[in-house]
2 protein chains.
Amino acid sequence: MKLFGPCLSRRILRKFLMKSGFLFLVDTVCCTRMLKDPEHQVAGHMAKDGRLGPLVDGEGRFFKPFQSNGRGEDEAKFYESFSSNKNVPDHIRGYFPVYHGTQVLEASNGSGKFPHIVLDDVVSGYQNPSGMDVKIGSRTWYPGVSEEYFNQCLKNDRETTSVSLGFRHAGFKIFDHKESRFWIVEYKVVHRYKVDDARLALRKFVSSNSLADSIPDCAFASEVYGGSSGILAQLLELKAWFETQTLYHFNSCSVYMFYENESISMKGGHGARAQVKLVDFTHVLDGDGVVDHNFLGGLSSFIRFIKNILES
Amino acid sequence: MKLFGPCLSRRILRKFLMKSGFLFLVDTVCCTRMLKDPEHQVAGHMAKDGRLGPLVDGEGRFFKPFQSNGRGEDEAKFYESFSSNKNVPDHIRGYFPVYHGTQVLEASNGSGKFPHIVLDDVVSGYQNPSGMDVKIGSRTWYPGVSEEYFNQCLKNDRETTSVSLGFRHAGFKIFDHKESRFWIVEYKVVHRYKVDDARLALRKFVSSNSLADSIPDCAFASEVYGGSSGILAQLLELKAWFETQTLYHFNSCSVYMFYENESISMKGGHGARAQVKLVDFTHVLDGDGVVDHNFLGGLSSFIRFIKNILES
């Protein structure tokens with residue numbers, strides 16, 4: 001069962017929003033601050049070829065335009081449900097971007113006003129964050145989807161590492177300390193990644209020589225992946241929740257992990273401020289009392305890869 | 001990569017076996033004991049419509065005829081590999097039937113001599129065992145299979161609870177204490193099970209009134225599922241191994257759980273002798289350093305169902 005009912009076209013969106021009352025901020029707050037393209041997005045729907053992209057206000061807010069075919073409405077509904085769900089432990093909330101309702105804003109390409117989901121900009125305050133988006137689960141389709149969507153997902157799952165590894169890269173941006181610039185790898189490239197590429201990318205993510213052809217030095221592995229508050233510790237805490245939670249099934253959802261390069265050399269692990277956030281909730285379903293085994297299995301596999309890097 | 005190379009037709013099997021030398025018992029030991037159909041098999045390939053079925057000798061051995069299309073050879077190869085794999089912890093071996101090589105035997109239907117895998121008969125010594133076969137994983141296909149096999153598996157996974165629950169029933173046999181007879185449910189019936197049916201069957205498995213239409217009493221839940229050596233404890237021990245093991249991927253493999261009814265009323269949990277075994281290894285792949293996320297996810301979901309029964 002789809003979490004929030006049938007998809008809605010944009011034409012009837014306004015009527016629906018008024019009736020349901022869940023978009024309390026829509027049309028009531030119009031942002032007058034200067035919005036701009038986010039510098040640090042690594043995957044997801046970016047402004048390109050006429051498609052709307054997200055915006056940031058430079059003061060800590062991230063504005064994600066509603067995705068088409070009802071996905072934006074579904075994602076907003078998820079955030080509404082999640083924000084008010086008393087069964088979600090507080091320590092787990094920290095792994096989700098804070099939600100601030102929705103707003104109708106001038107689109108990133110100036111083509112008119114569109115509803116946006118308003119979130120905390122998770123990399124606000126980071127100077128040179130390296131970020132990596134990893135889609136979790138060996139299956140991105142789920143019962144009840146159209147045959148067209150099912151076939152599209154299945155094809156992507158088989159072409160990428162989703163089936164073999166239980167996760168796939170969706171894009172990343174890594175700061176190369178030797179060359180003082182970012183190495184940016186987009187969806188089209190990572191879509192062709194095989195198992196060894198996926199493994200290598202996770203090593204390069206914590207290396208100072210990511211742009212070089214040589215063996216990644218994993219210089220920051222212990223600061224970023226390791227430690228009591230590093231990526232691995234966070235992933236394990238998330239996993240512990242997924243072992244028991246039956247509230248939601250996070251189909252096609254990503255782990256977004258990022259850290260600060262600016263201060264990592266000086267301050268080490270604490271300076272890295274490495275964080276994990278779950279992002280992209282356009283296909284979340286009601287868990288109906290069943291563990292999200294697809295996400296849990298993929299997350300376990302991903303964790304094993306991170307552990308291997310720390311152990312090697 | 002298929003664990004043990006290309007499938008072999010039976011025509012060239014003998015030559016292959018001689019060369020590879022792994023079927024050390026073939027043709028050298030011919031069983032002269034009286035073999036018979038197993039009383040307690042609940043799923044898998046039974047003797048039916050001319051198909052060969054397994055045999056037991058009544059003295060603790062189970063003879064499984066090689067399945068067609070090379071699957072028998074693959075399964076024997078798995079047992080050979082697993083038996084000699086020093087990376088498998090001893091406490092994990094106990095969850096697999098003990099392997100005693102292979103033997104060429106007169107088939108169950110008297111149609112000639114065929115190779116069989118020789119295993120411990122896991123229910124030997126049980127008088128009235130209730131048994132349940134649950135196929136683990138939301139996906140029974142795997143990379144590298146033929147499109148025909150892929151489509152057949154995908155269809156079955158979608159039609160059953162595999163996709164939604166991460167496991168599906170494959171058949172069971174439950175002793176009804178009120179009526180002193182078995183309730184046997186075969187593959188054709190459980191194939192149509194929905195989520196609620198799957199949940200109900202797990203409750204009936206540990207009830208004394210499984211044949212009745214009334215609510216299952218779960219009279220033996222704590223003796224069979226609970227306790228320090230019950231089904232749940234065993235499943236958790238298995239799961240702990242699956243969290244880290246990257247030796248094998250157990251595609252289309254089942255958890256077979258069983259217990260003794262004869263003495264459960266008198267002796268309680270100890271009398272139940274509840275056990276979990278993994279069975280059916282015709283589609284096991286080399287793990288290649290990757291966690292078996294498909295099995296692990298499904299097993300985690302299955303464990304949640306067992307826990308729910310114990311908690312309710």
Side-chain angles (χ1 to χ4, degrees), chain A residues 1 136-139 141-145 147 150-151 153-155 157-168 194-196 198-199 236 239-240 242-246 249 251 285-309 311-312, chain B residues 1 136-145 147 150-151 153-155 157-168 194-196 198-199 236 239-240 242-246 249 251 285-308 311-312:
Chain A
M1 178 183 51
I136 304 292
S138 67
R139 171 173 53 74
W141 57 275
Y142 45 94
V145 297
E147 278 302 290
F150 162 74
N151 285 318
C153 288
L154 185 62
K155 183 171 178 286
D157 296 344
R158 295 179 81 187
E159 283 176 356
T160 64
T161 61
S162 290
V163 168
S164 54
L165 297 187
F167 65 85
R168 69 175 181 247
K194 303 298 173 203
V195 174
D196 287 344
R199 187 180 281 121
L236 289 171
K239 178 170 172 281
F242 272 92
E243 298 274 357
T244 58
Q245 80 86 12
T246 61
H249 282 194
N251 303 295
L285 293 192
D286 190 319
D288 274 337
V290 177
V291 159
D292 187 355
H293 48 90
N294 181 55
F295 192 97
L296 178 57
L299 185 63
S300 303
S301 173
F302 184 63
I303 284 171
R304 186 69 236 164
F305 274 73
I306 302 292
K307 273 188 179 166
N308 283 350
I309 294 172
E311 287 165 6
S312 69
Chain B
M1 179 182 53
I136 304 293
S138 66
R139 172 173 53 75
T140 51
W141 57 275
Y142 44 93
V145 297
E147 278 301 292
F150 161 74
N151 285 319
C153 288
L154 185 62
K155 182 170 179 286
D157 296 344
R158 295 180 80 188
E159 283 176 357
T160 64
T161 61
S162 290
V163 169
S164 54
L165 298 186
F167 65 85
R168 69 174 181 246
K194 302 299 173 204
V195 173
D196 287 344
R199 188 179 281 122
L236 288 172
K239 177 169 172 284
F242 272 91
E243 298 275 356
T244 58
Q245 80 85 12
T246 61
H249 282 195
N251 302 295
L285 294 192
D286 190 319
D288 274 335
V290 177
V291 158
D292 188 355
H293 49 90
N294 181 56
F295 193 95
L296 177 57
L299 184 62
S300 301
S301 174
F302 184 63
I303 284 172
R304 187 70 237 164
F305 273 73
I306 302 292
K307 274 188 178 166
N308 283 349
E311 287 164 6
S312 69

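Only a predicted model underlies this, so the values are computations on that prediction, with no experimental measurement involved. Chain letters run A, B, ... following the sequence lines, proteins first, then strands; residues in each count from 1.
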*chain B interface, residue from H293(A), K307(A), H249(A), R199(A) that has the most non-hydrogen pairs under 4.5 Å*: H293(A)
*Out of F302(B), F295(B), W141(B), which one racks up the most heavy-atom pairs below 4.5 Å with chain A?*
W141(B)
*How far apart are the closest heavy atoms of Y142(A) and L285(A), and which atoms are they?*
CD1-CD1, 3.6 Å
*Check whether L296(A) gets within reach of chain B through its side chain, its backbone, both or neither, counting any heavy atom under 4.5 Å.*
side chain
_Can you tell me which portion of F167(A) sits under 4.5 Å from chain B's heavy atoms? Options are side chain, backbone, both or neither._
neither
*State the OG-CG distance between S138(A) and N294(A), to the nearest 0.5 angstrom.*
5.0 Å
*Please look at L154(B) and chain A and tell me whether the side chain, the backbone, both or neither of the residue comes under 4.5 angstrom of a heavy atom of that chain.*
side chain
*Identify which of V195(A), T246(A), V290(A) forms the greatest number of heavy-atom pairs closer than 4.5 Å to chain B.*
V290(A)
*R139(A) and V163(B): which non-hydrogen atoms are nearest, and at how many Å?*
NH2-O, 3.4 Å
_Once rounded to the nearest 0.5 Å, what's the spacing between atom CG of L165(A) and atom CD1 of I136(A)?_
10.5 Å
*Please report the closest heavy-atom contact between K194(A) and E159(A), naming both atoms and the distance.*
NZ-O, 3.9 Å
